[in-house]
Structure formats: C-alpha cells, structure tokens
Student: 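Okay, handing you the structure first.
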Amino acid sequence: MYSAMRTALPDPDSQSVFYDGIPTKRLFAWIVDVVLIFVMMLILSIVTLSVAFWLWPFFWAVTSFLYRWITLGSGSATLGMRLMNIELRGPTGARLTSQEAMFHTGLYIGCFIVPIVQVLSIGSIALSPRKQSVPDHLLGTAAINKPR
C-alpha cells in the first residue's frame, strides 16, 4: 500500500522496526527540548539584564526556532531526539539539510500558533503509519529510530 508513495523512507509495513515507539520517544524528546530551551531562556534573561523576561514570548519563539533549526540542520535531530535515539529523515531517506530543517522548524512553530493544527499533529503522530506530524506530512519527512 505504501510502496506506491514516492519516498525512500522505510516502509512501515515491512520495516516497522524504524517506527517502533516513535510517538513516546517524540514526546520525551520534546520534553527534554522544552527544558533545554527554558534553561537557555533563563540564561538569556540574565545576560540581557531581564529584557528577555519582559519580552518572553518573542525571545522564546526566536530561541526555540534557532535551537531546532541549528540542531536539526547539523544532525537531523534535536538534542532531545538524540537522547531518545531518533532522527528526522527527508523524503529521500537522507538526513535533513539546513534548508529542510528551517522549513520543518517553521512549520513546527506554526503548529503551535494554531492549536487545532497542533492537536491534529499529535493525533497524526499517534495514528499515521509512519508516525508523522503535520509538518512531516507537508515536507515528506518522518522521525525514525536511528539506524545502527
């Protein structure tokens, strides 16, 4: 059924090991990333002499975007994802380029702006064969267990 799709990602039927436990791992990776971004925000608030406290949403969005873009672009996984031993792969099956990481991060941030899209994204991760979020579906990417 999925072999007709134009993608080099592992097939969820014949190579299900790549998708085993992905929703739970993504949740824990997200929690780790949120904690890391929060710590960065506290440091940024001290460095900027509390200006970041006053403009918290703006600084959070910028810090989150840069953190995700840089980590996804350099290793196809955020630090939380690396800890959970998962990584994002593009439609060719390769690791994300910096540009793909930027688009993925932009769509990820966009999901948080529209809560119903975020709910759909979570549902999609839980129910879709490749455990893809809304940004993953739009870009053809998927989070997989890191190949050994």
Student: Could you report the tightest heavy-atom contact between S64 and I109, atom names first, then the distance?
Tutor: OG-CD1, 3.8 Å

Student: Using 30° and 60° as the class boundaries, would you call the ring planes of W30 and F112 parallel, tilted or perpendicular?
Tutor: parallel

Student: Taking the side chain as every heavy atom from C-beta outward, state whether W69 and S98 have any pair of such atoms under 4.5 Å apart.
Tutor: yes

Student: At their closest point, which heavy atom of S133 faces which heavy atom of S121, and how far apart are they?
Tutor: CB-OG, 3.1 Å

Student: Measuring from L88:CG to I86:CD1, what's the distance to the nearest 0.5 Å?
Tutor: 7.5 Å

Student: Hey, which of R130, R89, H104 is the one that makes side-chain hydrogen bond (donor to acceptor under 3.5 Å, both in side chains) with D136?
Tutor: H104

Student: Could you give me the CA-CA distance, side-chain angles and deciding distance for Y19 and L9, then say whether side chain to side chain contact (heavy atoms under 4.5 Å, CB included) is met?
Tutor: CA-CA 11 Å; Y19 304 103; L9 291 169; 3.9 Å; yes

Student: Check the pair V32 / L36 against side chain to side chain contact (heavy atoms under 4.5 Å, CB included), numbers first and verdict last.
Tutor: CA-CA 6 Å; V32 169; L36 288 172; 4.1 Å; yes

Student: Hey, could you give me the OG/CG distance between S76 and L96, rounded to the nearest 0.5 Å?
Tutor: 3.5 Å

Student: If you apply the rule side chain to side chain contact (heavy atoms under 4.5 Å, CB included), what do you find for L72 with M81, and how did you get there?
Tutor: CA-CA 9 Å; L72 287 175; M81 292 169 79; 4.1 Å; yes

Student: Are more than 12 heavy atoms, taken from residues, nucleotides or ligands other than Y67, located less than 6.0 Å from that residue's OH atom?
Tutor: yes

Student: When S124 is tested against each of Q132, H137, K131 for side-chain hydrogen bond (donor to acceptor under 3.5 Å, both in side chains), which residue passes?
Tutor: H137

Student: How close do P147 and E87 get, heavy atom to heavy atom, and via which atoms?
Tutor: CD-OE2, 4.0 Å

Student: Could you pull out the closest heavy-atom pair between L139 and E100, with the gap in Å?
Tutor: CD1-O, 4.3 Å

Student: Kindly give the heavy-atom pair with the smallest separation between S45 and T48, and that separation in Å.
Tutor: O-OG1, 3.4 Å

Student: Do F65 and L42 share a hydrophobic cluster, counting only Ile, Leu, Val, Met, Phe, Trp and Tyr and linking them when any side-chain heavy atoms are less than 4.5 Å apart?
Tutor: yes

Student: Decide yes or no on side chain to side chain contact (heavy atoms under 4.5 Å, CB included) for D20 and N145, but give the supporting numbers first.
Tutor: CA-CA 7 Å; D20 288 344; N145 289 310; 4.2 Å; yes

Student: Among F53, W56, F59, W60, which residue meets the side-chain contact (heavy atoms from CB on, under 4.5 Å) test with L44?
Tutor: F59

Student: To the nearest 0.5 Å, how far apart are CZ in F58 and OG1 in T63?
Tutor: 9.0 Å

Student: If you round to the nearest 0.5 Å, how far is CZ of F103 from CG of L107?
Tutor: 8.5 Å

Student: I'd like to know if I43 and I46 are part of one continuous hydrophobic network [Ile/Leu/Val/Met/Phe/Trp/Tyr, side-chain heavy atoms within less than 4.5 Å].
Tutor: no

Student: Supply the atom-to-atom distance T78 OG1 to I70 CD1, rounded to the nearest 0.5 angstrom.
Tutor: 13.0 Å

Student: Looking at every non-hydrogen atom in both residues, tell me the closest pair between P135 and T141 and how far apart they are.
Tutor: O-OG1, 4.3 Å

